[in-house]
Amino acid sequence: QALLPRHSTAYVYVQTLTMSFPTPLITGTIAFIVLAAVCIGGVFAGLASGTVSKDNAAIANIVIGIATFAMWLFWTCAWLHQWHPLIVPIYEE
């Protein structure tokens, strides 16, 4: 960036190519965190009401955490593959 003059269009282009987290990725991650919190809240509600034993609640919390992470990882991979596809279709005229 230091080699480009400030008034050139290339300097402006280089300045706009900064790394940042894509907004849909952040939104989806927050959605999965909320989903996990709601499910864990349901387990705690069942524990408080006495319908779920302490051992089953502990197992349910672990299963919810692992399942939420696995779903989030799958969704993230699918989203990233569609964001920048490696294979681009070639259309015939």
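Predicted, not measured: the structure shown is a model, and the values here were computed from it.
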- Does one hydrophobic cluster hold both Ile26 and Leu80, with members joined at side-chain heavy-atom distances below 4.5 Å? no
- Are Ile64 and Ile59 connected, step by step, through hydrophobic side chains (Ile, Leu, Val, Met, Phe, Trp, Tyr) whose heavy atoms are closer than 4.5 Å? no
Show which side-chain atoms of residues 29-54 pair as donor or acceptor with protein atoms under 3.5 Å away, not counting sequence neighbours.
{"unit_1": "Thr29", "atom_1": "OG1", "unit_2": "Leu25", "atom_2": "O", "d": "2.7"}
{"unit_1": "Thr29", "atom_1": "OG1", "unit_2": "Trp72", "atom_2": "NE1", "d": "3.0"}
{"unit_1": "Ser49", "atom_1": "OG", "unit_2": "Ala45", "atom_2": "O", "d": "3.2"}
{"unit_1": "Ser49", "atom_1": "OG", "unit_2": "Gly46", "atom_2": "O", "d": "3.2"}
{"unit_1": "Ser49", "atom_1": "OG", "unit_2": "Thr51", "atom_2": "OG1", "d": "3.3"}
{"unit_1": "Thr51", "atom_1": "OG1", "unit_2": "Gly46", "atom_2": "O", "d": "3.2"}
{"unit_1": "Ser53", "atom_1": "OG", "unit_2": "Asn56", "atom_2": "N", "d": "3.3"}
{"unit_1": "Ser53", "atom_1": "OG", "unit_2": "Asn56", "atom_2": "ND2", "d": "3.3"}

- Task: State the CE-CD1 distance between Met71 and Ile66, to the nearest 0.5 angstrom.
- Result: 12.0 Å
- Are Trp79 and Phe69 grouped together when hydrophobic residues (ILVMFWY) are joined by side-chain heavy atoms under 4.5 angstrom apart? yes
- Message: Is any side-chain heavy atom of Pro24 closer than 4.5 Å to one of Trp83?
- Response: no
